[in-house]
Novice: 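Input: one structure, supplied below.
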2 protein chains.
Amino acid sequence: MKLEPGARTIEKRAGRQAVAVAVVIFTVREGRLSVLLIHRAAEPFAGRWALPGGLLLPGETLDQAAARKLTGETGVSDVYLEQLYTFDLPPGCGGPRAVVAYFALVDEAQVRLESRTTWQPAWYPVSGVPALAFDNNAIVEYALRRLQAKLSYSNVVYALLPERFTLTQLQRVYEAILERPLDKRNFRKRIQSLELVEPTQQVERSGAHRPARLYRFARREPLTF
Amino acid sequence: MKLEPGARTIEKRAGRQAVAVAVVIFTVREGRLSVLLIHRAAEPFAGRWALPGGLLLPGETLDQAAARKLTGETGVSDVYLEQLYTFDLPPGCGGPRAVVAYFALVDEAQVRLESRTTWQPAWYPVSGVPALAFDNNAIVEYALRRLQAKLSYSNVVYALLPERFTLTQLQRVYEAILERPLDKRNFRKRIQSLELVEPTQQVERSGAHRPARLYRFARREPLTF
DNA sequence: CCAAAAGTGTTCAATCTACACCCATGC
DNA sequence: GCATGGGTGTAGATTGAACACTTTTGG
């Protein structure tokens, strides 16, 4: 974290509050589900990769703190964000007592990574995440399982796609998350029977080899069935 | 909370730690799913019912704190306990910043309620829970939905039943949690196809109108499929 | 002898899975 | 003209839901 004037004061006061948040930010890049990691410059765990996170500011709720971290790293707001689980942190160091982990879904096209001088953010495919600081690898695993499970009963993937998209693009996202290929016809049948998406009048032409119908999500808010 | 010598010291030190736990303790009593509540004698919310809970002790993990609260109220240990969700607490009062909510399943036959002079614990059917202190009603609702969902893919109900039980008893527990009657034959088919239980040689005679086979759970640890 | 709970199968509908070919376009 | 990706239907297997009668015992 960059030390601006006053930052150390906040850090010191907040240290006693003993709650931190961490966010697993997912996107689909080059057909692979990827996670945003930051490279720590400061101790503890200097030189290791870690999830974006940090202490609550005074008066802030947990959700607000997670949203702030998300926006701070990616520049996007108003995307999907869900609380995952709360983990203990090792005692000592006077650091926070627990981390409340969140996961977020963002459309890569809307992301502008902050480039900091002291620590760099970068995307890693979930299947190639390096050893992380704290117990952050466990958090990523947990987030992945939750996301996979949600595909079957929720519309959360809307947050990973642009406003309009083809069914093939949608299928690619499902395949990236589930890490296995899906049958094209069965996929389209299921999606249409769930009525998650609706066709638009527009047609994709650029780069497509055959004109493709564009769809949009019937709702762009989270649905839980 | 009763103030014993030293309690105020702990409270003051722990208040800055800013994390509390709360436990929704479920049991099945008289055919109804019920929750353990305690009657608060002290401010804030004196005279209101609330979930058992409190601050972490120094060096304690979240799970340990929840287990301590559970054992303290019911006398049982080694039962099912699972983290639910972490809620914000309203600011001000210098109290904790967040509550990590848990839910627990106990067999009523093993419970010995503590009877305190300052505050009384009591069982309430989930459908008749009064207005609780803090946002505790939301926690109970959340716990109920989670428990209902878990029935279809987990064996957690083992913690609500004695070692040996009849299939009809098992069905009564499912019905109490789902709050709807189940078809006897379909229920038995599903349970047996999941291989959650195995028959024993023993037979139930007392009170039964026809001798009934006793079953036990194939595993008495949590299984998640 | 009757009330109360235990035990036991079949049918139908809905859902899921596997699977192959033609078409329009860009190059 | 050919490589690339878009689009479409059917048959078989599995799963879930509805539904009724007989047996044994205690009182």
Side-chain angles (χ1 to χ4, degrees), chain A residues 28 30-32 148-155 157 161-162 164-217 225, chain B residues 28 30-32 148-155 157 161-162 164-217 225:
Chain A
V28 175
E30 297 162 6
R32 296 213 299 268
Q148 288 173 337
K150 290 204 88 124
L151 285 195
S152 53
Y153 61 89
S154 144
N155 67 343
V157 286
L161 285 161
R164 279 147 217 271
F165 50 86
T166 65
L167 290 184
T168 303
Q169 285 178 293
L170 182 62
Q171 183 177 342
R172 297 283 169 268
V173 172
Y174 273 74
E175 290 173 331
I177 295 171
L178 296 174
E179 295 173 318
R180 71 186 151 90
L182 298 176
D183 180 87
K184 197 200 303 191
R185 282 169 292 188
N186 293 339
F187 177 77
R188 289 159 111 92
K189 254 183 298 181
R190 195 167 76 249
I191 291 297
Q192 289 176 346
S193 79
L194 291 177
E195 298 180 342
L196 292 187
V197 300
E198 53 194 25
T200 68
Q201 296 316 311
Q202 297 165 43
V203 163
E204 164 79 74
R205 301 195 62 85
S206 67
H209 291 273
R210 175 182 172 178
R213 156 144 284 148
L214 290 177
Y215 288 77
R216 67 166 159 248
F217 277 91
F225 299 103
Chain B
V28 175
E30 298 162 6
R32 297 213 298 268
Q148 288 173 337
K150 290 205 89 124
L151 285 195
S152 53
Y153 60 91
S154 144
N155 67 342
V157 287
L161 285 160
R164 280 148 217 271
F165 51 86
T166 65
L167 290 183
T168 303
Q169 286 177 292
L170 182 62
Q171 184 178 342
R172 295 284 169 269
V173 171
Y174 273 73
E175 290 172 332
I177 295 172
L178 297 174
E179 295 173 317
R180 71 186 151 92
L182 299 175
D183 179 86
K184 199 200 302 192
R185 283 169 291 188
N186 292 339
F187 178 78
R188 288 156 112 95
K189 254 181 300 183
R190 195 167 75 250
I191 290 296
Q192 290 177 344
S193 77
L194 291 176
E195 297 179 344
L196 292 187
V197 299
E198 54 194 23
T200 68
Q201 296 315 311
Q202 298 164 42
V203 163
E204 164 79 73
R205 301 197 60 84
S206 67
H209 290 270
R210 173 182 173 176
R213 157 145 281 148
L214 289 176
Y215 288 78
R216 68 168 158 246
F217 277 91
F225 299 105

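No hydrogens, no waters, no symmetry mates; every other heavy atom, side chains included, goes into these values. Just so you know, these numbers come straight off a predicted model, no measurement behind them.
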Novice: Which of residues 209-216 of chain A sit near DNA chain D, with a heavy atom under 4.0 Å from it?
Specialist: A:H209, A:R210, A:P211, A:A212, A:R213
Novice: Kindly state which residues belonging to residues 175-199 of chain B come within less than 4.0 angstrom of DNA chain D, counting heavy atoms of the residue only, listed by number.
Specialist: B:D183, B:R185, B:N186, B:K189
Novice: To the nearest 0.5 Å, tell me how far A:R216 CZ sits from A:Q202 CD.
Specialist: 8.0 Å
Novice: Locate the shortest heavy-atom distance separating B:S154 from B:L196; write the atom from each residue and the value.
Specialist: O-CD1, 4.2 Å
Novice: Heavy atoms of chain A, cut-off under 4.0 Å: which first and last nucleotide of DNA chain D, 5' to 3', fall inside that, if you could look?
Specialist: D:dT4 to D:dT10
Novice: Could you tabulate the donor-acceptor pairs under 3.5 Å formed by side-chain atoms of residues 164-177 of chain A, not counting sequence neighbours?
Specialist:
residue : atom : partner : partner atom : Å
A:T166  : OG1  : A:Q169  : N            : 3.1
A:Q169  : OE1  : A:T166  : N            : 2.8
A:Q171  : NE2  : A:E175  : OE2          : 3.1
A:Q171  : NE2  : A:L182  : O            : 2.9
A:R172  : NH1  : A:E175  : OE1          : 3.1
A:E175  : OE2  : A:L182  : N            : 2.9

Novice: If I take atom NZ from residue A:K184 and atom CG from residue A:N186, how far apart are they, to the nearest 0.5 angstrom?
Specialist: 12.0 Å
Novice: To the closest 0.5 Å, what do you measure between CG (B:D183) and NZ (B:K189)?
Specialist: 7.5 Å
Novice: Between atom NZ of B:K150 and atom CG of B:N155, what is the distance when rounded to the nearest 0.5 Å?
Specialist: 9.5 Å
Novice: Within the 3.5 Å criterion, strictly below it, is a donor on A:E198 or A:T200 matched to an acceptor on the partner's side chain?
Specialist: no
Novice: Quick check on the helix from C:dC1-D:dG27 to C:dC27-D:dG1: what's the angle between its two end axes, five base pairs per end, to the nearest 10°?
Specialist: 0°
Novice: Just the endpoints, please: which first and last nucleotides of DNA chain C, 5' to 3', lie under 4.0 Å from a heavy atom of chain B?
Specialist: C:dA4 to C:dT10
Novice: Quick one: CD on A:Q201 to CZ on A:R213, what's the gap to the nearest 0.5 Å?
Specialist: 6.0 Å
